A.B. asks: 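One structure, pasted below without further comment.
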2 protein chains.
Amino acid sequence: MHNEFVDEQLNERLARTGSRLTAQRREVYSVLLQKRDHPSAEEVFIRAKGRMPDISMATVYNCLDTLVKCGLVKQVHHDRGATRYCSNMNEHHHFYCDECGGTYDIDTDPEAGHPAMTLPNGFRMRSFEIAFSGLCPQCAAKKRHK
Amino acid sequence: MHNEFVDEQLNERLARTGSRLTAQRREVYSVLLQKRDHPSAEEVFIRAKGRMPDISMATVYNCLDTLVKCGLVKQVHHDRGATRYCSNMNEHHHFYCDECGGTYDIDTDPEAGHPAMTLPNGFRMRSFEIAFSGLCPQCAAKKRHK
DNA sequence: TCAATATTTAGAACAATTCTAAATCCAGTC
DNA sequence: GACTGGATTTAGAATTGTTCTAAATATTGA
């Protein structure tokens, strides 16, 4: 997962915002590419520490910020929980499992356009996000067997 | 806005969860009915203090919690900002203005059903919420005149 | 190699919220 | 009308997630 190609991409993107490619930024980004389960900053910190024991929490926040600014990572918010980070930059929405708390990407159906909902006059929409909630496949299956 | 009818409704709802109707709960609820601009707990506190100078922040949080639990009020979250409170219990979504930060209710079009988006197999959806962002009518108008 | 600038770091500061424990209030009984 | 038990309110401490600060370190380009 940490290879020349990723590095090049990363470097190019960082350069656009005048930022440098550092070991910490590479590590943080690779954590996000490795397991796309929308970890919080804390979780990224723990995972990054595995291979880079001296990395600090502040640096994790800094790196995540930088990656967001250069468009390689997106923040995901749900309720008032900690910010989660997502390296899937395709247009998509999120499903939040009520049972296990997991967050899942829901790809936007390319043929379905905007939500079937008309905004009142005067509003100018720039974007929209749909937050689905319910049971994820695993939790739904468990429930059925009870 | 603070009348016998509202009181009765309020009392009945509170009773369902074994809660009592108190002056503070009435005041907090009436703040939310009065100006439906999705105030934060802090803002509710400031407004409530106007007519009830001894009310405390902790009580405002307690009352809001109670009102949420008995189904008279909904929490609204946007990004990692403070929780906002909404006394509109009809099904609706929210529009967040990028310019002024205002939150607006967007009624669900009754004839348009779910968002035109299919969940992958196995997910069991309980509900969904759409967060629109862009410019509210006022801010859109200002932009156009520049 | 050196200077200028960017980055990392630990820890302090901060904002929103929840917790704690004591004071107060209230509904229903005696 | 006073009394009792549980609910409620309150101030302040504690917690959580995040941002800020200032010093140490790393990196780039001359």
Side-chain angles (χ1 to χ4, degrees), chain A residues 7 10-29 31 38-49 51-70 72-85 101 103, chain B residues 7 10-29 31 38-49 51-70 72-85 101 103:
Chain A
D7 264 21
L10 185 48
N11 196 16
E12 194 234 309
R13 282 306 194 103
L14 286 167
R16 280 196 220 171
T17 61
S19 306
R20 296 171 182 167
L21 174 49
T22 66
Q24 288 87 341
R25 286 172 180 167
R26 179 163 36 213
E27 177 55 31
V28 165
Y29 188 47
V31 162
H38 307 84
S40 63
E42 179 88 41
E43 284 159 350
V44 171
F45 175 58
I46 290 165
R47 295 180 198 175
K49 241 177 144 60
R51 278 193 289 172
M52 192 180 258
D54 289 343
I55 197 171
S56 75
M57 194 67 213
T59 298
V60 169
Y61 273 108
N62 288 343
C63 292
L64 289 168
D65 261 26
T66 307
L67 292 169
V68 168
K69 283 203 190 95
C70 78
L72 284 169
V73 165
K74 264 209 296 205
Q75 294 192 326
V76 179
H77 298 278
H78 186 233
D79 292 353
R80 262 219 110 233
T83 304
R84 306 185 156 268
Y85 296 85
T103 303
Chain B
D7 265 19
L10 186 47
N11 196 15
E12 195 234 309
R13 280 309 195 102
L14 286 167
R16 280 197 219 170
T17 59
S19 307
R20 295 172 183 165
L21 174 49
T22 66
Q24 288 86 341
R25 286 172 180 170
R26 179 162 39 215
E27 178 55 32
V28 165
Y29 189 46
V31 162
H38 308 83
S40 63
E42 179 88 41
E43 285 159 349
V44 171
F45 175 58
I46 290 165
R47 294 180 199 175
K49 242 179 144 61
R51 278 192 289 171
M52 190 179 259
D54 289 343
I55 198 170
S56 75
M57 195 65 211
T59 297
V60 168
Y61 273 108
N62 288 341
C63 292
L64 289 169
D65 260 24
T66 307
L67 293 168
V68 167
K69 282 203 191 96
C70 79
L72 285 168
V73 165
K74 265 211 292 205
Q75 294 192 327
V76 179
H77 298 279
H78 186 233
D79 291 351
R80 265 219 108 233
T83 304
R84 306 186 156 268
Y85 295 86
T103 303

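Please read these numbers as outputs of a predicted model, since none were measured by experiment.
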A.B. asks: Counting any heavy atom closer than 4.0 Å, what does A:Thr66 reach on the DNA or RNA strands: base, sugar-phosphate only, or nothing?
C.D. replies: nothing
A.B. asks: Mind calculating the distance between CG (A:Asn11) and P (C:dT7) to the nearest angstrom?
C.D. replies: 12 Å
A.B. asks: What is the distance from CD1 of A:Ile55 to P of C:dT7, rounded to the nearest Å?
C.D. replies: 14 Å
A.B. asks: Would you mind classifying the nucleic acid contact of B:Glu42 as base, sugar-phosphate or nothing, using non-hydrogen atoms under 4.0 angstrom?
C.D. replies: nothing
A.B. asks: When you measure from the side chain of B:Thr59, which nucleotide among D:dT10, D:dT19, C:dA16 comes out closest?
C.D. replies: D:dT10
A.B. asks: Output the rounded distance in Å from CZ (B:Phe45) to P (D:dA11).
C.D. replies: 8 Å
A.B. asks: Does a side-chain heavy-atom distance below 4.5 Å link B:Leu64 with B:Thr83?
C.D. replies: no
A.B. asks: Which part of the nucleic acid, if any, lies within contact of B:Ser40, taking any heavy atom under 4.0 Å across all strands shown: a base, the sugar-phosphate backbone alone, or nothing?
C.D. replies: nothing
A.B. asks: Say you draw a straight line from CZ of B:Arg16 to CG of B:Asn11; how long is it, rounded to the nearest 0.5 Å?
C.D. replies: 11.5 Å
A.B. asks: Does the side chain of A:His78 come within less than 4.5 Å of A:Arg84's, by heavy atoms?
C.D. replies: no
A.B. asks: Does A:Arg80 place a side-chain N or O at less than 4.0 Å from the phosphate oxygens OP1/OP2 of C:dT17?
C.D. replies: yes
A.B. asks: Calculate the interatomic distance between B:Arg20 atom CZ and C:dC25 atom P; express it in whole Å.
C.D. replies: 13 Å
A.B. asks: Taking for each residue the nucleotide of DNA chain C with the nearest heavy atom, is it B:Leu21 or A:Ala23 whose nucleotide lies nearer the 5' end?
C.D. replies: A:Ala23
A.B. asks: Let me know the distance between CG of B:Leu64 and P of C:dT18, rounded to the nearest Å.
C.D. replies: 10 Å
A.B. asks: Checking contacts here: which listed nucleotide (D:dT9, C:dT18, C:dT9) is nearest the side-chain heavy atoms of B:Cys63?
C.D. replies: D:dT9
A.B. asks: Picking from C:dA16, D:dT9, C:dT8, which would you name as closest to the side chain of B:Ala82?
C.D. replies: C:dA16
A.B. asks: Nearest of D:dG17, D:dT8, D:dA11 to any side-chain atom of B:Ser56?
C.D. replies: D:dA11
A.B. asks: Under 4.0 Å between a side-chain N or O of B:Tyr61 and OP1 or OP2 of C:dT18?
C.D. replies: no
A.B. asks: If I take atom NE2 in residue A:His77 and atom P in nucleotide D:dG17, what distance separates them, rounded to the nearest angstrom?
C.D. replies: 14 Å
A.B. asks: Over how many whole Å does the gap from A:Lys69 atom NZ to C:dT7 atom C1' extend?
C.D. replies: 13 Å
A.B. asks: Among the nucleotides D:dT18, C:dT8, D:dG5, which one has an atom lying closest to any side-chain atom of A:Arg25?
C.D. replies: C:dT8
A.B. asks: At what distance, to the nearest 0.5 angstrom, does CZ of B:Arg20 lie from OG1 of B:Thr66?
C.D. replies: 12.5 Å
A.B. asks: Take the protein atom CG of A:Asp54 and the nucleotide atom P of D:dA24, then report the distance between them rounded to whole Å.
C.D. replies: 18 Å
A.B. asks: Does a nitrogen or oxygen in the side chain of B:Gln24 sit under 4.0 Å from OP1 or OP2 of C:dC25?
C.D. replies: no
A.B. asks: What contact category does A:Asn62 fall into here, base, sugar-phosphate, or nothing, at under 4.0 angstrom with non-hydrogen atoms?
C.D. replies: base
A.B. asks: Which of these nucleotides, D:dT18, D:dG12, C:dT7, is closest to any side-chain atom of B:Ala58?
C.D. replies: D:dG12
A.B. asks: Any non-hydrogen side-chain atom of B:Arg25 less than 4.5 Å from a side-chain atom of B:Ser19?
C.D. replies: yes
A.B. asks: Does B:Thr22 reach a base, just sugar-phosphate, or nothing at all? Heavy atoms under 4.0 Å.
C.D. replies: sugar-phosphate
A.B. asks: Given side chains that start at C-beta, do those of A:Tyr85 and A:His38 come closer than 4.5 Å, heavy atoms only?
C.D. replies: no
